[in-house]
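Order of listing sets the numbers, starting from 1, for every ligand and every atom in it. All values reported here derive from a predicted model rather than from experimental measurement. For reference, positions follow the sequence shown, starting with 1.
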Amino acid sequence: MLVRIVLIHRRPGPNRPSARYTRRRLLGLAGGALLAAACGNTGVAPQSSRAREVVATALPLAPLAPTVRPTATPRPVPPAGRELRTLLAGSEYATTAMLSHSGIEGPRVLVLGGVHGNEPGGWLAAEAIADWTVTRGSLVVVPRANVLATYAFARTLDGFGDLNRQYPGAEDGPPMARMARAIVDLAREVNADLAVDMHESWGFYRERTPDQNGTAFIGQTVTAVGSLTQRNAIRDTIDRVNELLSEREQLTFRNRTRGRGRAFAIDPNFDGIGASSLSLGTFVPGLLPILVEMGQRDQPEERRAEIHRTIVGALLTEREML
Ligand SMILES: [Zn+2]
């Protein structure tokens, strides 16, 4: 397999000592099966004979405060290896999850792509991340959570429900309510500490005008719901990633810990149906949810996917998983 490594960095400047960039931290030289673009409802990952480009990102490394809460009780450590899982096997919307276990206790990170089928930067990035192998903890990737919507290039399909408004899901609900339940079950099973849900918006958050609020203008943002320590750690991550991005691409951190409404499951009247992935910490004890949005306007699809990969790579690198 031909693997081309693309380093993303700016020239070393007075505030960016080059010594901080180290090849040991390169991402993505993952072995194992390739999860090809056609991952679908068969549960089998087709092998691609085509050379794959694995984008590796070197990031500045600096001492970090712990970002993962200490675990009170020992968790079972899955044996090292890769595992292919089918969520909702047997249904037409069954989709694949790739689990990479290091065999060593460490962070458990869940990555979601394809929650919305018309946001390809997220699911293209997730398919690449599914190839990564971790050296500590576990990485669990669901590249195309609403797989039929990705084929249709639509947010979702009629009657399926919007997956990002279905948590914690229901076994007997519409298809995406069932998928939300399957994702929650998977996160609980692996004791996920962190969930990264990769999306796309249209406009850039920093370029919006006063009349352009709402989810169509949250491109280039990272939103988290968590403790102050956790949020500060995510801000640090974003600062590091921003060092690698152009002025226009700069990411904005959005804190929604005090958010109200169904999307966050923080509303005291919340009845347990209809939340976004930012609610996952409510349903999976100890899990920190992060929602990443790339801006589609005037930003090529491959670049959006690349920035998604860079963010996840930074989160995993900081946790010494790569
Ligand atoms: Zn979305």
Atom of [X] nearest the Zn ion (ligand 1) (restricted to N/O/S, atom name only):
| X | answer |
| --- | --- |
| His199 | ND1 |
| Glu119 | OE1 |
| His116 | ND1 |

Less than 4.0 Å between a side-chain N and a carboxylate O, is that true for Glu207 and Arg248?
->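 Counted as a salt bridge, because a side-chain N and a carboxylate O are separated by less than 4.0 Å.
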
SB check Arg235 Asp239 (cutoff 4.0 Å) =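 The answer is no: the pair does not qualify as a salt bridge.
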
Side chain to side chain contact (heavy atoms under 4.5 Å, CB included) with Ile183: which of Val140, Asp197, Leu110?
->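 Result for side chain to side chain contact (heavy atoms under 4.5 Å, CB included) with Ile183: Leu110.
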
Hey, is the Zn ion (ligand 1) within less than 2.8 Å of some N/O/S atom on Glu200?
-> no

Under the 3.5 angstrom rule, does the side chain of Glu127 hit a backbone N or O of Pro143 as a donor-acceptor pair?
->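 Looks like no, no N/O pair under 3.5 Å.
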
